[in-house]
Every structure is written in structure tokens, then in C-alpha cells.
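Just below is one structure, and these are the notes that go with it.
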Amino acid sequence: MCELLGMNSSKPAALNFSFAGFSERGGRTGEHRDGWGIAFHEPSGCRLIVDHRPSIDSPLAHALKHNPVKARNVVAHIRKATQGEVAPQNSHPFTRVLWGTTWSFAHNGNLSSFRPAPDPHFVPAGETDSERAFCYLLAGLRRRFPVQPPSRAALFTAVQTMAALIARHGSFNVILSNGDFLLAHCSTQLHYVVRAYPFASASLVDCDLQIDFRQHNHLDDQIGVIATLPLTTGEQWQRFEPGELKLFAGGAPQAVHPGPGSDSGSKPLRLLMSY
């Protein structure tokens with residue numbers, strides 16, 4: 001299986017410490033040698049980097065460790081191929097534009113029986129089940145909310161519904177972001193940690209690197225990091241429940257309570273599948 005890494009921060013922040021440990025799993029401490037990628041949601045737009053080489057051997061990954069990029073939302077992935085050849089077009093994250101905003105998506109799992117009906121607005125460029133699921137998810141949101149983005153509560157409910165249906169076809173651990181907030185869905189395994197005052201010290205699990213976050217953050221900084229498996233010791237990582245969807249904003253998971261009229265103006269959610 002692949003592994004996921006995501007970040008949602010209250011301010012633009014660099015993910016280089018966590019990424020240093022995560023990238024080790026792409027060929028050195030893990031078997032995920034079939035490509036990697038990362039999407040940075042910056043004020044100017046979404047910057048996407050993908051490579052079909054293992055992250056441990058990738059010059060792009062090496063450069064990123066030494067030239068960190070600051071962003072509020074980041075989605076990263078290391079791949080162990082289950083469907084589709086080892087090629088750049090099959091490396092996660094994938095990006096698409098919906099409601100004038102770029103969304104990024106990465107998936108860990110295998111959807112062996114997932115064959116959604118094609119949608120002309122969101123066509124996969126590669127051969128992976130993951131990209132098919134991403135296109136299916138965005139197509140479903142577009143059908144439900146064709147004119148403009150819904151409230152967070154309505155969006156959360158729609159994603160939760162579709163994620164549960166997709167997960168019937170296999171494991172569906174996902175990180176998804178539009179640059180404003182980040183959604184994380186757990187099918188089998190996913191963890192998160194919130195780094196906030198009073199900050200702790202931490203050591204990476206996958207390499208000999210430590211950090212004292214008190215020396216790198218201000219009192220009002222808050223950063224949520226999501227990963228398939230905990231990346232550090234010295235921090236309190238929390239495990240998702242199977243089937244759980246969380247929305248991260250401002251650097252921490254937020255309670256989402258669909259209120260009256262949260263689906264106002266939306267069309268019924270039609271979930272089209274073909275087998």
C-alpha cells in the first residue's frame with residue numbers, strides 16, 4: 001500500500017521536517033518505490049511536484065528537503081503501485097479544478113472493483129483506481145452543487161456519503177484539499193497530530209533527526225499533520241476511527257455540524273457506477 005502525508009496550518013508553514021522522515025519510507029525504511037508527489041496550496045495557486053522515481057532517490061525530493069516551501073495546506077504521497085504502471089501520470093497527488101479552485105487528492109488503498117461511469121468534466125489522465133475515485137468524487141460534488149461551492153457543512157456531508165460508498169470497493173484512505181481547508185478520510189489506517197503551544201520536541205521514526213518546535217514557532221502557530229503512520233516520537237499522535245472523515249482548518253480538526261438548510265440549492269446526489 002501507499003502512504004499519505006498532509007498538513008493544514010494556521011499560517012504558511014514548511015513541512016520539511018515531517019517530509020524528511022516521510023520520504024525515507026519511499027525506498028529506505030519502506031517499500032514505496034513506485035513514485036511520489038506533493039502539492040502545495042499557496043496564495044498564488046497550487047504547486048504540484050510528481051516523480052515516478054522513489055522519493056529516496058529523487059533529486060526533486062532531495063531539493064525539497066533543502067529548499068522548503070511554505071503553504072497553509074500540503075498533500076503528499078509515496079506510492080507502492082497496485083493499479084497502473086510506474087509513470088509520472090500515475091503518481092499522486094492528482095489535481096483538478098472545481099468551482100474555480102484547484103483541489104489536490106492522494107489515496108492509500110486498493111479499489112479493485114471500482115469502475116465508475118465516466119464523467120466528461122473529470123477524465124483520468126492515468127490508469128489508477130485512485131485517480132478514478134478523485135474524478136468520481138469531484139463529479140459527484142459538481143452534480144450536487146453545480147453553480148457554486150456549498151457551505152463546509154454541506155460539502156462535508158456530501159464527501160462523507162461518497163467516501164463511504166467508494167470504500168465498499170476496497171480501502172479508501174484519502175487526503176483532499178482545496179487550499180482553504182483539508183479533508184482526511186480513514187478506511188483502515190490514518191493518524192494525526194496537532195502541533196501547538198506549548199510546543200514539544202520530537203524525533204523522526206525513520207531517520208536520526210530531532211527538532212524542538214519551541215524554537216521554530218510563535219505562540220499562536222498551530223499545525224495539523226496527518227500521516228498513514230506516526231512519523232515521530234515525543235508527540236501525541238491520534239488514530240482515526242475506520243470510516244471517519246475529519247475536516248482540518250486553522251491547523252486543527254474542526255467540528256462540523258450540518259445545520260438547517262445546509263443543502264439548500266443543491267441537487268440530489270446521484271452516484272453513478274458501472275461494472
Side-chain angles (χ1 to χ4, degrees), residues 1-8 12-42 44-97 102-111 122-135 138 171 173-179 182 184 190 204-207 209 225-229 231:
M1 293 293 183
C2 309
E3 288 203 25
L4 303 171
L5 173 64
M7 182 191 77
N8 171 265
L15 192 63
N16 53 314
F17 175 72
S18 295
F19 182 76
F22 182 70
S23 62
E24 292 287 308
R25 299 178 180 181
R28 179 167 294 157
T29 62
E31 58 183 354
H32 315 87
R33 298 189 58 87
D34 299 326
W36 71 280
I38 190 165
F40 299 96
H41 289 271
E42 303 171 285
S44 58
C46 181
R47 185 193 306 193
L48 177 65
I49 301 171
V50 294
D51 193 350
H52 66 285
R53 290 169 289 192
S55 57
I56 198 64
D57 299 327
S58 169
L60 289 171
H62 179 77
L64 189 60
K65 294 176 192 177
H66 298 281
N67 299 280
V69 176
K70 289 189 175 183
R72 289 182 183 269
N73 289 277
V74 180
V75 176
H77 183 273
I78 50 176
R79 183 176 184 233
K80 184 177 186 296
T82 54
Q83 297 186 40
E85 64 179 346
V86 177
Q89 67 268 23
N90 291 326
S91 295
H92 310 213
F94 305 104
T95 59
R96 292 292 191 282
V97 175
T102 299
W103 293 73
S104 63
F105 170 99
H107 166 230
N108 161 33
N110 186 25
L111 303 168
F122 300 100
V123 180
E127 304 87 39
T128 66
D129 53 328
S130 305
E131 191 180 16
R132 289 195 297 270
F134 180 37
C135 290
L138 293 189
S171 51
N173 304 294
V174 169
I175 297 178
L176 171 73
S177 180
N178 65 352
L182 182 148
L190 205 58
L204 289 173
V205 173
D206 296 273
C207 59
L209 190 62
V225 177
I226 304 95
T228 301
L229 293 169
L231 294 164

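We use all heavy atoms of the structure for the numbers below, so side chains are in, but hydrogens, waters and symmetry mates are not.
With sequence neighbours excluded, the residues forming a ring pair (Phe, Tyr, Trp, His ring centres under 6.0 Å) with H107 are F172, listed by chain and number. In terms of the salt bridge (charged side-chain N to carboxylate O under 4.0 Å, His left out) criterion, R72 has no residue partners (sequence neighbours excluded). Judged as a side-chain hydrogen bond (donor to acceptor under 3.5 Å, both in side chains), and not counting sequence neighbours, S55 has no contacts. P68 meets the side-chain contact (heavy atoms from CB on, under 4.5 Å) test with A14, N16; sequence neighbours excluded. Scored by the side-chain hydrogen bond (donor to acceptor under 3.5 Å, both in side chains) test, S58 finds W36, D51 as partners (sequence neighbours excluded). Remark: R132 engages Q83, F114, R115, P116, P124, D129 in a side-chain contact (heavy atoms from CB on, under 4.5 Å) (not counting sequence neighbours). Taking H32 as the reference, nothing meets the side-chain hydrogen bond (donor to acceptor under 3.5 Å, both in side chains) condition, with sequence neighbours excluded. Scored by the side-chain hydrogen bond (donor to acceptor under 3.5 Å, both in side chains) test, K65 finds S23 as partners (sequence neighbours excluded). Judged as a ring pair (Phe, Tyr, Trp, His ring centres under 6.0 Å), and not counting sequence neighbours, F122 has no contacts.
Residue F40 holds its CZ atom at 10.0 Å from CG of L48, rounded to the nearest 0.5 Å. One finds the CG atom of N110 at 8.5 Å from the OG atom of S130 (value rounded to the nearest 0.5 Å). Remark: L204 CG to F17 CZ distance equals 3.5 Å, nearest 0.5 Å. Once rounded to the nearest 0.5 Å, the distance linking CG of L190 with CG of N108 reads 8.0 Å. Here N173 contributes atom CG and T228 contributes atom OG1; the two are 6.5 Å apart, rounded to the nearest 0.5 Å. The distance from atom OG1 of T128 to atom CZ of F94, rounded to the nearest 0.5 Å, is 3.5 Å.
Shortest non-hydrogen contact noted between P88 and V50 is O-CG2, 4.1 Å. Residue I78 comes nearest to C2 through the heavy atom pair O-CB, 3.1 Å, listed as atom of the first residue, atom of the second, then distance. Taking every heavy atom of both residues into account, E3 and L229 meet most closely at OE2-CD1, 4.1 Å. In terms of heavy-atom proximity, T82 sits nearest to G109 at OG1-O, 4.1 Å. Of all the heavy atoms in S91 and G35, the pair that sits closest is OG-CA, 4.0 Å. What you find for I38 and A76 is that their closest heavy atoms are CG1-CB, 3.8 Å.
Residue pairs satisfying the salt bridge (Lys or Arg N to Asp or Glu O under 4.0 Å) criterion with at least one member in residues 76-87, sequence neighbours excluded, are absent. The stretch residues 33-42 participates, sequence neighbours left out, in these salt bridge (Lys or Arg N to Asp or Glu O under 4.0 Å) pairs: R33-D57, E42-R47.
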Review point. What's the verdict on side-chain contact (heavy atoms from CB on, under 4.5 Å) for N73 and N8, showing C-alpha distance, side-chain angles and the deciding distance?
Key: CA-CA 5 Å; N73 289 277; N8 171 265; 2.8 Å; yes
Review point. Does the side-chain contact (heavy atoms from CB on, under 4.5 Å) test come out yes or no for L5 and V225, once each step is laid out?
Key: CA-CA 7 Å; L5 173 64; V225 177; 3.9 Å; yes
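Tested against S104 for a side-chain hydrogen bond (donor to acceptor under 3.5 Å, both in side chains), the candidates H41, H92, H77 yield a single pass: H41.
Comment: R25 engages D206 in a salt bridge, judged by a side-chain N to carboxylate O separation of less than 4.0 angstrom.
No donor-acceptor pair closer than 3.5 Å links the side chain of E24 to the backbone N or O of C207.
Between V174 and F105, some side-chain heavy-atom pair lies under the 4.5 Å cut-off.
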